[in-house]
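Sequence lines set the chain letters: A, B, ... in the order given, protein chains first and strands last, and positions in each chain run from 1.
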Amino acid sequence: MASAGKELSLSPGLLYRPGLLDRAAQENLVEQIRAIVERAPLYVPVMPGSGRPMSVRMTNCGPLGWVTDKERGYRYQPTHPVTREPWPPIPAVLLDLWREIAGYGKDPEACLVNFYADEAKMGLHQDRDETDFSAPVLSISLGNTCLFRIGGLLRTDRTRSLKLESGDVFILGGEGRLCFHGVDRIYPGTSTLLKAGGRINLTLRRVNP
DNA sequence: AAGTCACA
DNA sequence: CGGC
């Protein structure tokens with residue numbers, strides 16, 4: 001891992017661990033993601049109903065993956081929507097990280113891999129497609145810095161913005177598990193980790209109790 | 001609204 | 001905001 005030091009609780013259940021992963025750990029993760037994307041290619045998810053494409057590209061690893069399409073909407077499923085193959089397994093280093101810091105007895109079932117090109121965004125939303133809200137959502141940032149926005153349990157609650165940098169870990173757990181959050185912008189050229197630019201976000205989730 | 005946009 |  002890396003520095004066990006800094007740990008900021010923004011509000012109950014929201015834990016920010018800036019710089020938790022050192023450069024070597026980040027490079028190792030990028031290599032693992034590269035292998036995952038070879039087997040489970042990135043695809044463009046679309047909004048339920050409208051079919052409007054999102055700006056991020058997406059894939060998953062783990063027994064379950066989060067997917068969305070025009071007809072069936074948001075859900076978890078065991079196979080890639082394009083290749084129909086099972087998702088690749090979650091890398092051991094990610095399972096280790098979860099076991100060390102998630103504070104939850106069971107392993108994650110899903111690791112959503114979101115790739116943000118420098119123009120991509122993610123609207124304010126809640127992660128609420130899981131059946132187990134007692135498990136936290138653990139988020140890892142790799143590559144270019146983003147402007148992350150986090151609010152409360154209501155869409156209209158006041159939000160705060162913070163920059164998430166490569167190697168930062170953010171945990172939504174406890175009272176913060178269902179907080180609205182999103183990505184307002186990517187800052188191009190702020191990291192040398194991904195040679196082609198952009199940002200990768202990994203979110204580890206427990207889906208079922 | 002896991003969407004976009006305008007405006008202060 | 002407004003199309004679903």
*asked:* So does Gly167(A) get a backbone contact from the side chain of Ser141(A), meaning a donor-acceptor N/O pair under 3.5 Å?
replied: no

*Could you check whether the rings of His181(A) and Phe148(A) sit parallel, tilted or perpendicular, using 30° and 60° as the cut-offs?*
tilted

*State the CG-CZ distance between Leu153(A) and Phe180(A), to the nearest 0.5 angstrom.*
8.5 Å

*asked:* So if I define the base as every atom that isn't primed, P, OP1 or OP2, how would nucleotides 2-8 of chain B read as a B/S/- string at a heavy-atom cutoff under 4.0 Å?
replied: BSS----

*For atom CZ of Arg160(A), is the number of surrounding heavy atoms from other residues, nucleotides or ligands below 6.0 Å larger than 12?*
no

_Intra- and inter-strand pairs of DNA chain C in dot-bracket (Watson-Crick or G-U wobble, both distances under 3.5 Å; | for another strand)_ = |...

*With a 4.5 Å heavy-atom cut-off, do Asn201(A) and Met122(A) have their side chains touching?*
no

*asked:* Let me confirm one number: the CG-CD1 distance from Asp118(A) to Ile186(A), rounded to the nearest 0.5 Å.
replied: 7.0 Å

*Could you label the plane-to-plane angle of the Trp87(A) and His80(A) rings as parallel, tilted or perpendicular, counting under 30° as parallel and over 60° as perpendicular?*
tilted

